[in-house]
Amino acid sequence: METLKIGVLASGRGSNFQAIIDSIETGYVRAQINLLITDNPDAYSLERAKKHGIESLVMLPKNYSSRDDYFREISSELKKRGVELVVLAGFMRIVGRPLLEAYPNRVMNIHPALLPSFPGLHGQKQANDYGVKISGCTVHFVDEGMDTGPVIIQAAVPVLDDDTEETLSERILGFEHKIFPEAVKLFSEGRIELRGRKVRISGSAFDGSPLINPPLSG
Ligand code: GRF
């Protein structure tokens, strides 16, 4: 099997980027990260890339004539390095059409809520304020909408009575770091099949256990 070539787009601290780096370095995922692109010169992700010998580029939207031009240039940098899968790890922009056309069903994002609930910014705060008992995180393929693309994998995470946005975010983040590398692994093994907007995972051994919060009392 060929080693999957990945490009990562990140705007900030990059803990999901790190989780994917770790999953590759431990051999759990057979892939290589060929390029990190950030829109933020202060992103901690840049330090992570440096530490792990990953090439990085800072690309600022203001240096391009239009949003399309910006994403065309991003696509061209990724293509130049043979990238096959694009991973958005805390990339705080809606992806422009040129990138989606260059990588159809090959751009993945992680969102800190159970989509289609609580899309957009601050998914954890939205869930906590709403009062849901279960939230979670979602890895999905990216389309032109805001967190609307086909769902690849989700983790359900309980919301506790005394949660704040911070405590819930922390609990969810622990699961983001599990499911994002998992989605990349599934992709690298050719186990993701898209039928319309439904994703099927071949060879999955899920036992169907539900999560109930609070647990049944009897
Ligand atoms: C994560 O909560 C992710 O779900 C959201 O942005 C945050 C990025 O965190 N899309 P990090 O930069 O990966 O640490």
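Whatever order the structure lists them in is the order used to number ligands and atoms, beginning at 1. Every heavy atom of this structure was used, including side-chain atoms; hydrogens, water molecules and symmetry mates were not.
For residues 48-74, every residue pair satisfying the salt bridge (charged side-chain N to carboxylate O under 4.0 Å, His left out) rule, not counting sequence neighbours, is listed here: E55-R81.
When only non-hydrogen protein atoms are considered, atom 9 (O) of ligand 1 lies nearest to R13 NH2, 3.3 Å. Looking only at heavy atoms of the protein, atom 6 (O) of ligand 1 is closest to G90 CA, 3.7 Å. Protein heavy atom in closest approach to atom 10 (N) of ligand 1: I110 O, 3.0 Å. Of the protein's non-hydrogen atoms, the one nearest atom 1 (C) of ligand 1 is E176 OE1, 3.1 Å.
Considering backbone and side-chain atoms together, G14 places an N or O closer than 3.5 Å to an N or O of ligand 1. Below 3.5 Å of separation, one finds no N or O of N109 facing any N or O of ligand 1.
Between the side chain of D143 and the main chain of P150, no donor-acceptor pair closer than 3.5 Å is present.
Between the side chains of Q154 and H140, no donor-acceptor pair is found at a separation under 3.5 Å.
Tested against L78 for a side-chain contact (heavy atoms from CB on, under 4.5 Å), the candidates L85, N34, I6, L35 yield a single pass: L35.
Within the 4.0 Å heavy-atom shell around ligand 1 one does not find A10.
Using a 30° and 60° split on the angle between ring planes, Y70 and Y64 fall in the tilted class, from 30° to 60°.
With a 6.0 Å cutoff to the six-membered ring centre and a 45° limit on the axis angle, K125 does not count as a cation-pi contact of F118.
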